Amino acid sequence: MAAALRRALPGWHVAWQQATASTNADLQHYLRSGNPGPALLGAHAQTSGRGRAGRPWQTRAGDALLFSCGWRTLIEPARLPPLSLVAGVAACEALSRLLGQGRDGALALKWPNDLYWHGAKLAGILVETTALPAGQRSRGASLGLILGMGINLRGADALSDDLGREVADWEQTGGAADASRLAAEVAHAWHAALDLYAAGGFDPFLTRFARWDALYGQAVRVLDDGQLRLEGIARGVDATGRLQVDTRQGRTAIMVGDVSVRPAQAAAHP
């Protein structure tokens, strides 16, 4: 796996392990130790994987593709919130290229960071940062940026039964690409997307997000810490990546990473 990725990602530091606590945590340590990146760290299994809001997330070894990419970044902290959407758009585009145009419409991005296949979760993305020690900062970069991803490769039927909700996997998409090519394509897409975001902000991604938006026009419920905050109709995102929801009181903007959003018909079945 590591050898195939090194061939596909020249100039990157690449490492792959049988198991680790968290590939995101591994990359945080790597960047804080004075390494600039780009780097890709992956594992066949994670023992302390995390999803949104620090929720624990685990899968059986080999059932998912688990990897993280990291770089030093010049992006200021105030500009970080839309990066979940930037990463999600880039990942959708990468997987779509591997699947071919005939699969358009099946793949979608559920705000802010979940990839869906025919309405079932296929993959999730976790964006994190780490502060660099003063002695490791260069050219104004004070942060390390880590994008982590877990893609279900197989076992969706069993996982759906365990979770009580529909889950998708790569086998169901009919995609022929193997795990190393999947990871390499997403890594390339993330690298290019971050360069574009650093230079031009979120504006170049507004139209690109709309193509993959899984929630537009749907009735949704917005929950915060499990409590219903509001419900309405999803209307895309604004120029800062906030979800727009039309409610009886008017349009409300939801901050990235602030809440969970689920289709209203599914909200009663977490």
Side-chain angles (χ1 to χ4, degrees), residues 9 11-12 24 27-28 31 36-40 52-53 68-97 104 107-116 123-132 136-149 185-217 220 222 233-246 250-261:
L9 298 167
W12 288 55
N24 266 32
L27 254 180
Q28 289 178 341
L31 293 173
L40 184 152
R52 270 188 85 209
S68 300
C69 298
W71 309 260
R72 290 180 181 178
T73 182
L74 296 173
I75 299 172
E76 302 88 352
R79 298 178 60 208
L80 293 173
L83 288 184
S84 289
L85 279 72
V86 171
V89 167
C92 281
E93 292 171 346
L95 297 192
S96 179
R97 286 192 291 271
D104 264 18
L107 186 66
L109 178 61
K110 177 179 172 288
W111 183 94
N113 55 1
D114 288 336
L115 276 62
Y116 272 54
I125 295 170
L126 179 63
V127 178
E128 295 186 299
T129 61
T130 186
L132 300 177
Q136 304 294 351
R137 300 176 186 181
S138 63
R139 299 180 182 178
S142 61
L143 290 176
L145 177 64
I146 300 100
L147 308 184
M149 189 172 193
E185 289 293 329
V186 171
H188 280 303
W190 278 348
H191 201 232
L194 288 175
D195 284 347
L196 179 60
Y197 179 79
F202 190 65
D203 283 352
F205 294 91
L206 276 168
T207 301
R208 291 163 67 176
F209 173 83
R211 175 185 175 188
W212 306 107
D213 189 355
L215 293 179
Y216 189 89
V220 296
V222 179
I233 305 298
R235 295 298 183 192
V237 298
D238 65 11
T240 62
R242 298 179 300 176
L243 180 69
Q244 304 293 289
V245 180
D246 283 345
R251 181 161 294 186
T252 300
I254 307 301
M255 292 290 291
V256 171
D258 189 37
V259 294
S260 297
V261 179

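What you are looking at is a predicted structure, and each value in this text was computed from that prediction instead of being measured.
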With the side chain counted from C-beta on, respond yes when [X] and [Y] share a heavy-atom pair under 4.5 Å apart, and no when they do not.
X	Y	result
S96	R211	yes
H188	L9	yes
L85	F205	no
R72	L132	yes
W212	L107	yes
L194	L147	yes
L196	R208	yes
M149	L115	yes

Evaluate V245 against R235 for side chain to side chain contact (heavy atoms under 4.5 Å, CB included), listing each step before the verdict.
CA-CA 6 Å; V245 180; R235 295 298 183 192; over 6 Å; no
So, [X] side chain and [Y] main chain: donor-acceptor pair closer than 3.5 Å or not?
X	Y	answer
N113	G124	no
W12	A39	no
Q244	R242	yes
Y216	I233	no

Just verifying a value: how many Å separate [X] [atom1] and [Y] [atom2], rounded to the nearest 0.5 Å?
X	Y	atom1	atom2	result
W190	S68	CH2	OG	7.0 Å
L80	T73	CG	OG1	7.0 Å
L109	L215	CG	CG	8.5 Å
L95	R97	CG	CZ	9.0 Å

Kindly give the heavy-atom pair with the smallest separation between [X] and [Y], and that separation in Å.
X	Y	answer
I254	W111	O-CZ2, 3.5 Å
N24	G148	OD1-CA, 3.2 Å
G70	L27	N-CD1, 3.3 Å
L31	G144	CD1-CA, 3.8 Å
Y197	F202	CE1-N, 3.5 Å
T129	L145	CG2-CD1, 4.0 Å

Do you see a donor-acceptor pair shorter than 3.5 Å between the side chains of W71 and H191?
yes
Set of residues satisfying side-chain hydrogen bond (donor to acceptor under 3.5 Å, both in side chains) with respect to E185, sequence neighbours excluded:
none
Residues two or more places apart in sequence or in another chain: which of them pass side-chain hydrogen bond (donor to acceptor under 3.5 Å, both in side chains) with T130?
R32
